[in-house]
S.K.: 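The structure's right below; bear with me while I get my questions together.
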There are 4 protein chains.
Amino acid sequence: MLEQSSHPRSLKAKDSVLCATTELLMEGGLPAATVDAISARSGVSKATIYKHWPCRTAIAAEAFGKQMAAAIPLPDKGNAVDDLTEQVRWVSAFYAGPQGAVFAQLLAACVTDPAASPYFREYFLDARRAAITSLWQRALDRGEVDPAISAETATDALFGPLIFRLLTGHAALTPEEADKISSACLRGLLAS
Amino acid sequence: MLEQSSHPRSLKAKDSVLCATTELLMEGGLPAATVDAISARSGVSKATIYKHWPCRTAIAAEAFGKQMAAAIPLPDKGNAVDDLTEQVRWVSAFYAGPQGAVFAQLLAACVTDPAASPYFREYFLDARRAAITSLWQRALDRGEVDPAISAETATDALFGPLIFRLLTGHAALTPEEADKISSACLRGLLAS
Amino acid sequence: MLEQSSHPRSLKAKDSVLCATTELLMEGGLPAATVDAISARSGVSKATIYKHWPCRTAIAAEAFGKQMAAAIPLPDKGNAVDDLTEQVRWVSAFYAGPQGAVFAQLLAACVTDPAASPYFREYFLDARRAAITSLWQRALDRGEVDPAISAETATDALFGPLIFRLLTGHAALTPEEADKISSACLRGLLAS
Amino acid sequence: MLEQSSHPRSLKAKDSVLCATTELLMEGGLPAATVDAISARSGVSKATIYKHWPCRTAIAAEAFGKQMAAAIPLPDKGNAVDDLTEQVRWVSAFYAGPQGAVFAQLLAACVTDPAASPYFREYFLDARRAAITSLWQRALDRGEVDPAISAETATDALFGPLIFRLLTGHAALTPEEADKISSACLRGLLAS
DNA sequence: GAGTAACCGAGACGGTACGTCCTGTCTTGGA
DNA sequence: TCCAAGACAGGACGTACCGTCTCGGTTACTC
């Protein structure tokens with residue numbers, strides 16, 4: 001009761017909106033999450049919606065990101081190679097699944113809708129990046145990975161290829177492909 | 001892939017459209033390349049435009065792709081590391097430049113507009129992929145790279161991270177960053 | 001028939017549209033009353049226009065009908081023959097004038113555009129028919145006309161020929177011709 | 001052989017066009033008789049079609065008029081009242097039938113398409129008017145009708161009301177209604 | 001019987017209007 | 001005071017049809 005907003009209705013409205021948006025995203029992807037549709041399903045008026053978010057992509061990013069937050073677990077198999085390989089496998093499976101399409105749509109929409117980018121980053125990328133950073137730090141502590149490479153760079157190296165494939169659809173995101181990518185990145189492309 | 005009509009007018013119309021689209025893309029990015037705007041500037045009617053392309057994104061992909069085709073040269077520095085590093089540097093510079101934004105918009109639009117994907121692939125990705133494949137083959141012949149890794153996978157590994165950054169904007173695409181990525185991928189993420 | 005919206009803006013928009021449409025009809029007839037043109041001149045968006053009317057012909061019918069409502073007066077010369085003759089003369093003069101062409105275009109358009117028919121009837125024909133019915137009743141009361149003939153039939157008999165001529169243009173609509181028609185209808189075609 | 005065009009192909013083309021147009025009119029009314037549709041079905045190119053007719057309405061008028069030419073017989077019941085009543089009944093039945101709608105569409109289209117009017121008059125109205133003129137002359141000879149009224153005026157008086165109803169749809173065109181109109185016109189509207 | 005000219009099918013094209021859709025702002029009246 | 005309800009301007013979409021034009025092959029007259 002203490003920490004809630006002075007206007008509890010705001011909170012209820014936000015929740016309704018996010019909930020309705022999630023449903024719409026599940027049913028028809030980002031194109032279905034029209035502001036009008038969100039308003040109609042949530043019972044929250046458009047004016048109120050635009051008081052809380054700058055554009056519809058932002059709503060979708062927050063709604064989808066919050067829901068996905070716990071979807072991908074942090075593995076701990078005892079060594080960096082297995083952990084990172086596992087993580088790449090998880091993420092690629094997520095991308096390949098039905099929600100991968102929504103993720104791609106959101107990512108794409110943020111290019112057009114700059115106002116939504118912070119939301120996408122906050123509710124989506126940051127969580128993932130934090131997870132990897134944690135994995136990476138563990139691996140660093142164990143001396144398993146190259147200390148000259150930042151977690152940032154490692155994240156890009158491991159997940160960039162997956163996102164590339166997801167967006168262009170030039171190749172499938174099967175577990176085998178995911179393994180090829182993670183092993184290539186981990187061991188390096190050069191001949192030893 | 002494109003059928004050449006028996007009527008030479010077709011060719012003139014297509015050229016006008018592509019030319020106008022390129023101009024519009026330069027001036028205002030993908031959002032400016034409205035079908036109406038393309039029609040108005042090219043003098044080609046909308047009906048005709050829609051006879052040649054399935055949607056506006058396809059036009060933009062073809063126009064932009066054709067123009068970019070020769071923009072990125074194939075380096076030949078005598079060894080794989082330098083060649084691939086150079087290529088990554090070129091591509092990231094391109095992405096970081098003004099046309100990188102248009103590229104990102106196109107890539108994003110293809111997610112929404114599946115009909116445009118083939119055009120984007122044909123006029124954009126394939127050229128790049130072919131270039132890398134050629135570099136990769138040269139490196140393979142010299143025994144400089146891991147023969148267990150396909151050119152496909154290598155391409156994803158090297159350019160996926162750049163595209164990831166371009167789209168999410170979570171980090172700059174400076175030459176230094178590009179070098180970090182290429183070196184990380186080339187040498188591998190693991191400690192040696 | 002028209003629901004008045006709780007939002008007064010609706011009324012303003014409708015007024016603007018009808019006003020702009022009337023102007024366009026005067027300037028270039030029905031072909032000039034494009035939905036785009038109406039939208040541009042009235043400052044009302046196409047979407048809003050299509051919320052109020054089913055098709056452009058309906059707008060034109062309402063606009064033109066409302067304006068014409070009071071254009072033709074109800075004569076009262078003391079006897080049926082003079083009243084009806086006068087009315088036919090008025091109407092034929094109206095048809096022969098510049099607005100007759102618009103009337104014909106509207107009537108014709110309603111054939112193609114069934115959705116517009118109710119509008120044309122409500123805002124155009126009904127007013128005329130009511131006027132004749134009133135005249136006819138007066139004449140009936142005075143015993144001047146055949147009580148076996150309904151006002152409906154009389155209206156058709158008196159104005160049908162004018163409309164026939166207006167549409168096919170097979171003969172002029174001069175006052176003399178109007179008199180010939182009204183006298184023929186009134187006295188009957190048969191020899192006495 | 002002597003009087004045929006120097007290029008018999010023209011004749012075949014005209015025939016094909018008229019035939020195809022008639023079919024289309026039967027199937028979907030005037031809206032279905034698109035120039036493209038006529039061209040496709042007849043196998044005659046659009047360029048050739050436009051060599052023979054000024055606009056599509058003209059084609060439809062000629063096609064439909066030729067086909068309808070003999071559809072309405074000239075009655076001869078021995079006296080004017082019966083002949084004219086019968087004729088009005090026939091015509092109203094025709095208007096009320098499926099082809100009446102096409103007739104109305106054609107009549108309406110000629111308002112918009114002035115170039116088609118001569119075709120409509122030649123292939124449609126003239127035949128009807130000639131029939132009535134012949135009936136009227138016979139009645140005049142027998143002294144059955146008012147010699148001060150021209151066949152022209154009589155035609156307008158008798159058929160104008162039917163066309164008025166056909167176009168506006170404000171009342172049905174049942175045989176009973178047709179009889180009411182013809183008797184009203186024939187006997188006059190005034191009380192005797 | 002070959003040459004030549006008119007003609008024709010096929011259909012691409014510019015133009016114009018259509019009616020739909022969605023966004024983000026703004027207004028109103030009720031809670 | 002705050003909000004749902006939803007009207008609204010703006011602007012792009014993709015479609016349809018018109019009447020014109022261009023092309024290359026065919027036909028039917030001419031020599």
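Below, chain A is the first sequence line, B the second, and so on; all start at residue 1.
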S.K.: Look at the side chain of A:C55 and decide which nucleotide, out of F:dA4, E:dG24, F:dC18, has an atom nearest to it.
M.R.: E:dG24
S.K.: Does the side chain of C:C110 come within less than 4.5 Å of D:T168's, by heavy atoms?
M.R.: no
S.K.: Counting side-chain heavy atoms from C-beta on, which of F:dG14, F:dG6, F:dT22 comes nearest to A:A47?
M.R.: F:dG6
S.K.: Does the side chain of B:E62 reach to within under 4.5 Å of the side chain of B:E122, using non-hydrogen atoms?
M.R.: no
S.K.: Indicate whether OP1 or OP2 belonging to E:dA12 is found under 4.0 Å from a side-chain N or O atom of B:T48.
M.R.: no
S.K.: Please step through salt bridge (Lys or Arg N to Asp or Glu O under 4.0 Å) for the pair B:E27 and B:R41, ending with a clear verdict.
M.R.: CA-CA 13 Å; B:E27 291 167 20; B:R41 184 170 298 204; 2.8 Å; yes
S.K.: Check the distance between E:dG15's P and B:Y50's OH and give it to me in whole angstrom.
M.R.: 17 Å
S.K.: Of all heavy-atom pairs between D:A58 and D:P54, which one has the smallest distance, and what is that distance?
M.R.: CB-CD, 3.7 Å
S.K.: Would you kindly give the NZ-to-P distance between B:K46 and E:dC13, to the nearest whole Å?
M.R.: 17 Å
S.K.: Any idea which of F:dC13, E:dG9, E:dT25 is nearest the B:V35 side chain?
M.R.: F:dC13
S.K.: What is the distance from NZ of C:K51 to C1' of E:dG19, rounded to the nearest Å?
M.R.: 14 Å
S.K.: Nearest whole angstrom, please: distance from the C1' of E:dG19 to the CD1 of C:I59.
M.R.: 11 Å
S.K.: To the nearest angstrom, how far is C:K12 atom NZ from E:dT28 atom C1'?
M.R.: 13 Å
S.K.: Starting at the 5' end of DNA chain E and moving along, which residue's nearest nucleotide shows up first, C:A33 or A:P54?
M.R.: C:A33
S.K.: Send over the distance from C:D113 CG to E:dC18 C1', rounded to a whole Å.
M.R.: 11 Å
S.K.: Between B:L18, B:V44, B:T21, B:L25, which is the residue that forms a side-chain contact (heavy atoms from CB on, under 4.5 Å) with B:I38?
M.R.: B:T21
S.K.: Taking only side-chain N and O atoms of C:H52, does any of them lie within less than 4.0 angstrom of OP1 or OP2 on F:dC8?
M.R.: yes
S.K.: Which nucleotide in the list F:dC18, E:dT23, E:dG14 gets nearest to the side chain of B:V44?
M.R.: E:dG14
S.K.: For B:S42 and C:D36, take the nucleotide of DNA chain E holding the closest heavy atom to each; which residue's nucleotide lies nearer the 5' end?
M.R.: B:S42
S.K.: Does E:dA17 have OP1 or OP2 sitting under 4.0 Å from an N or O in the side chain of C:R56?
M.R.: no
S.K.: For B:I49 and E:dA12, give me the distance from atom CD1 to atom C1', rounded to whole Å.
M.R.: 14 Å
S.K.: Measure the distance from CD1 on A:I38 to P on E:dG24 and round it to the nearest whole Å.
M.R.: 11 Å
